[in-house]
Amino acid sequence: MISTKSIETQVLSFLKSNYDVDFPSEKLIINQTLKQFEGEYTVVIFPFVKMLKKDLAEIGKELGDYLKDSDCKVKDYNLVKGFVNLEMDNDFWGSKLSDVASNKSFGSKKKTGEKVLVEYSSPNTNKPLHLGHIRNILLGWSCAHILEANGAEVVKTQIVNDRGVAICKSMLSWEKFGNGETPESAGVKGDQLVGKYYVEFDKQLKEEYAEWQGSSDAQVVYDERKKEKEEKEQFFKRYKNDYFNHYSELGKETRAMLLKWEDGDKHVKDLWNQMNSWVYSGFDDTYKSLGVDFDCMYYESNTYLLGKEKVEGGLDADIFYKEEDGSIWVDLEDVGMDKKILLRADGTSVYLTQDIGTSLIRYDDHKTEKMVYVVGDEQDYHFKVLFEVMKKLKAPFADNLFHLSYGMIDLPTGKMKSREGTVVDADDLIAEVIAEARKSAEEQGDISEMSKEEQDEVIRRVALGALKFFIIKVAPKKRMIFDPKESVDMQGQTGPYIQNAYVRIQGILRKLDGVAGDFEGYEILKIEKELVREILEYPKVINSAAKDLDPSLVANYCYNLAKAFHKYYHDVRILKSETQEAKHFRVSLIKVVSDTLQKGMRLLGIEMPERM
RNA sequence: GGCUCCUUAGCUCAACUGGAUAGAGCAGCUGCCUUCUAAGCAGCAGGUUUCAGGUUCGAGUCCUGAAGGAGUCACCA
């Protein structure tokens, strides 16, 4: 905007005054000129040909001359096919740099009054966070901050799935096999401890199931339910869930516990509160080491009842309908979808019910007319359904619901599967990147002068910079492969590469004795023009990242800017500039580069070290 | 099977939303530290953008079809 707006206006006024054509400004294309050609900006004039009914070359020449004569600082131009390459004059770049340097909030918009709620993380309280959560959390957190930079008022939140069968499994398991173990007595984080009992439950269930498979009950079930030519092994793999629901002793106990929980049984509630508090303190530690936070929390245990109420209300208003068995449904066939159940015949709620309740409570609390759900792409259909249901309920925010859907993370060895123990634990991963960063710092770092605490902080920033950048540089909707070895790389297209650009600038600025001043008359180098041009792109990048809910745009932008800077740093001496003007310009330039890098990376949750 | 998403260099990813000769990093090979820090820079090599059609001045990008992968089609969350 800031960069090409004046050119845009001039091109439009050219079309208006010379041809009396009102060309739609959104169709006007002004790109950065490719490296092979002279110039910095390129106007694509193919689109004009049809309207003007004139030869390409003629239009190009007329436009070029027009721009040159206008006051938008075009020094010269050249024509290649349907492209008019513009060379901007020295003053253009100088004044642009000054504009940015004096604009503290460059890249951020003024508050628009828009209120947005962003939901991310949203774990279950029965096991610790893993790599998948990390992608989710990083996307959510950075989207929230990008939206904020774009002028919105943002509420960061999550929904904690703290009730249901899965939670009862780990509770039951702890009660049966835990011998009163606590995080303190075991010396592990609370979420890890609870996760351990969740895994233990599954193990016990497996053993119980294996034993049962030899029973006569099992034989009867197999004979009755098997598909044609289905082997026993195959069948029982498929039947596991039904076994849990119909025959399992552990299943029976779990369900009994769930019923007690819903009845508010004191013993069960106490146990639930106890284990939850362990999990939450574990989650807090992980969030803290990731450097992310939330403005408020929602708990499924508090919101699912309201969902029920709303569904019943919708039934009275004839938005939903009741089946003979008493279950309540919504019919979405008018919008090309299925019928979906909202309340079971026994009155208990399902996933959808709970989300309906949660969204309404949130609107009451925060009046956010826009909501973003960061949830994996396996739930695409669920959110389509939810959004349609909210429309039917005429919720005031129903037209501004967004599902930021992202692809799963695979390991080089294949999918992550909790049952096969191939899940990458979040805490382990963070510890590992920190260890790697420490190794790198010892080998090639320059932080030995620092205190132990400062060193640790630098290492932490670099480690998390590597991890976060590695994950967030990939476009959200793409499935990504996470190679742990590559995630701790500190060279090339990585977070530390960008941090290093910042550190190099700080190094120069430290050696400066308050040099500042104008750079009137300085003949700006081509590489410097390119750097300024890149900086001018920043607001556009933030804008489209906010529009598309895509932080990877910011990540890739920061990399490109850092790359341009590293080359500049190598080619041009800044402290030993030939003239005072040159030095003033260059210092001003690198300051702006470092500010922009810092701002951009900040939006991704990546902090810059002063040295590394 | 229906629907949705994905497929770009050996590997991991880009490509300014339809623009020029498709770019980076990693891995491989070659140079550059007595310099504002080499976590860096420069170079070599690597591509029929999965395939077949179509739309147009122009297609990795849009449309149709095919192949491969993933997800979903639960009274699980």
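Worth knowing before you read on, the calculation uses all heavy atoms, side chains too, and leaves out hydrogens, waters and symmetry mates. Below, read A as the first sequence line, B as the second, and so on, with proteins coming before strands; counting in each chain starts at 1.
- Between Asp489(A) and Ile341(A), the residue anchored closer to the 5' end of RNA chain B is Asp489(A), taking for each the nucleotide with the nearest heavy atom.
- Under the stacking definition used here (centres under 5.5 Å, planes under 30°), the residue Phe83(A) fails to qualify as stacked on the base of G19(B).
- Across Leu604(A) and Pro551(A), no two heavy atoms sit closer than the pair CD2-O, 3.7 Å.
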Dot-bracket, RNA chain B: Watson-Crick or G-U, under 3.5 angstrom, [ ] crossing, | other strand?
(((((((..((((.....[...)))).(((((.......))))).....(((((..]....))))))))))))....

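- Going from atom CG of Leu512(A) over to atom P of C36(B) covers 14 Å, rounded to whole Å.
- The side chain of Lys511(A) places an N or O atom within less than 4.0 Å of a non-bridging phosphate oxygen (OP1 or OP2) of U37(B).
- Glu528(A) and Arg586(A) are joined by a salt bridge, as a carboxylate oxygen and a charged side-chain nitrogen come within less than 4.0 angstrom of each other.
- Cation-pi geometry between Lys563(A) and Tyr568(A) is not satisfied (NZ or CZ under 6.0 Å from the ring centre, within 45° of the ring normal).
- Rounded to an integer number of Å, the gap from CZ of Arg479(A) to P of U8(B) is 14 Å.
- Under the 4.0 Å criterion applied to side-chain N and carboxylate O atoms, Lys127(A) and Asp191(A) are not assigned as salt-bridge partners.
- C29(B) and U21(B): their C1' atoms are spaced 25 Å apart (whole Å).
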Would you please test His403(A) and Phe387(A) for ring pair (Phe, Tyr, Trp, His ring centres under 6.0 Å) and show each step?
CA-CA 9 Å; His403(A) 174 202; Phe387(A) 297 169; 7.2 Å; no

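- Taking the P atoms as reference points, C51(B) lies 24 Å from A45(B), given to the whole Å.
- Residue-nucleotide stacking is present for Phe37(A) and A20(B), judged by a side-chain ring centre under 5.5 Å from the six-membered base ring centre and planes under 30° apart.
- Comparing C36(B), A39(B), A24(B) by their nearest atom to the side chain of Leu575(A) picks out C36(B).
- Here A24(B) presents its P atom at 12 Å from CG of Leu34(A), a figure rounded to the nearest Å.
- Applying the 4.0 Å criterion to OP1 and OP2 of C57(B), one finds that Lys50(A) has a side-chain N or O inside that range.
- Nucleotides C62(B) and G18(B) have their P atoms positioned 7 Å apart, rounded to a whole Å.
- Residue Lys35(A) places no side-chain N or O under 4.0 Å from the OP1 or OP2 atom of U21(B).
- In this structure, Phe83(A) and Phe46(A) have perpendicular ring planes: the angle between them is above 60°, well past the 30° mark.
- In this pair, Tyr559(A) and Phe469(A) present their aromatic rings tilted. The plane angle is within the 30 to 60° band.
- Looking at Glu442(A) and Arg438(A), no side-chain N of the basic residue comes within less than 4.0 Å of a carboxylate O on the acidic one, giving no salt bridge.
- Relative to the side chain of Gln493(A), the nucleotides G25(B), G40(B), A77(B) differ in distance, and G25(B) lies closest.
- Distances shorter than 4.0 Å separate none of the side-chain N or O atoms of Arg163(A) from OP1 or OP2 on A77(B).
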What's touching nucleotides 2-5 of chain B from the protein side, N or O pairs under 3.5 Å?
none

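- Summarising the geometry, the separation between CD on Gln444(A) and C1' on A39(B) is reported as 5 Å, rounded to the nearest angstrom.
- If you measure from atom NZ of Lys567(A) to atom C1' of G43(B), you get 11 Å, rounded to the nearest angstrom.
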Would Lys540(A) and Glu537(A) count as a salt bridge (charged side-chain N to carboxylate O under 4.0 Å, His left out) here? Give the steps.
CA-CA 5 Å; Lys540(A) 289 190 213 166; Glu537(A) 292 296 306; 3.3 Å; yes

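- OP1 or OP2 of A14(B) lies within a sub-4.0 Å distance of a side-chain N or O belonging to Lys478(A).
- By the 30° and 60° cut-offs, the orientation of the rings of Phe383(A) relative to Tyr373(A) is tilted.
- Spacing between U50(B) and C11(B) at atom P, rounded to whole Å, works out to 13 Å.
- Between Lys81(A) and G19(B) there is no side-chain N or O to OP1 or OP2 distance below 4.0 Å.
- No N or O donor and acceptor, one from the side chain of Ser552(A) and one from the base of A14(B), sit under 3.5 Å apart.
- Heavy-atom distances to RNA chain B give each of Val474(A) and Asp325(A) a nearest nucleotide, and the one nearer the 5′ end belongs to Val474(A).
- Applying the 5.5 angstrom centroid cut-off and the 30 degree plane-angle cut-off, the aromatic ring of Phe46(A) is stacked upon the base of G19(B).
- Contact annotation: Tyr497(A) does not reach the phosphate of C26(B) (side-chain N/O to OP1 or OP2, under 4.0 Å).
- With both ends at atom P, the span from U7(B) to C16(B) equals 14 Å, rounded to whole Å.
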Filtered N/O pairs between nucleotides 27-34 of chain B and protein, under 3.5 Å:
none

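- In this structure, Arg135(A) fails the cation-pi test against Tyr406(A), since its NZ or CZ atom is not both closer than 6.0 Å to the six-membered ring centre and inside 45 degrees of the ring normal.
- A close approach under 4.0 Å does not occur between any side-chain nitrogen or oxygen of Lys583(A) and OP1 or OP2 of C36(B).
- Centre separation under 5.5 Å together with a plane angle under 30° does not hold for the ring of Tyr569(A) and the six-membered base ring of C41(B), so they are not marked as stacked.
- Taking atom OH of residue Tyr351(A) and atom P of nucleotide A74(B), one finds them 16 Å apart after rounding to whole Å.
- For the P atoms, the distance linking A38(B) with C32(B) amounts to 15 Å, nearest Å.
- Scanning atom types as modelled, no donor and acceptor separated by under 3.5 angstrom connect the side chain of Asp162(A) and the base of A77(B).
- C5(B) and G23(B) have their C1' atoms separated by 25 Å, given to the nearest Å.
- Checked for salt-bridge contact, Glu530(A) and Lys526(A) meet the test: a charged N lies under 4.0 Å from a carboxylate O.
- Distance, Tyr304(A) OH to C76(B) P: 15 Å, rounded to whole Å.
- Here the side chain of Asn302(A) pairs no donor or acceptor atom with the backbone of Tyr298(A) at under 3.5 angstrom.
- Atom name C1', nucleotides G69(B) and A22(B): the rounded distance is 24 Å, in whole Å.
- One interatomic measurement links the two molecules: CZ of Phe470(A) to P of C13(B), which rounds to 7 Å at whole-angstrom precision.
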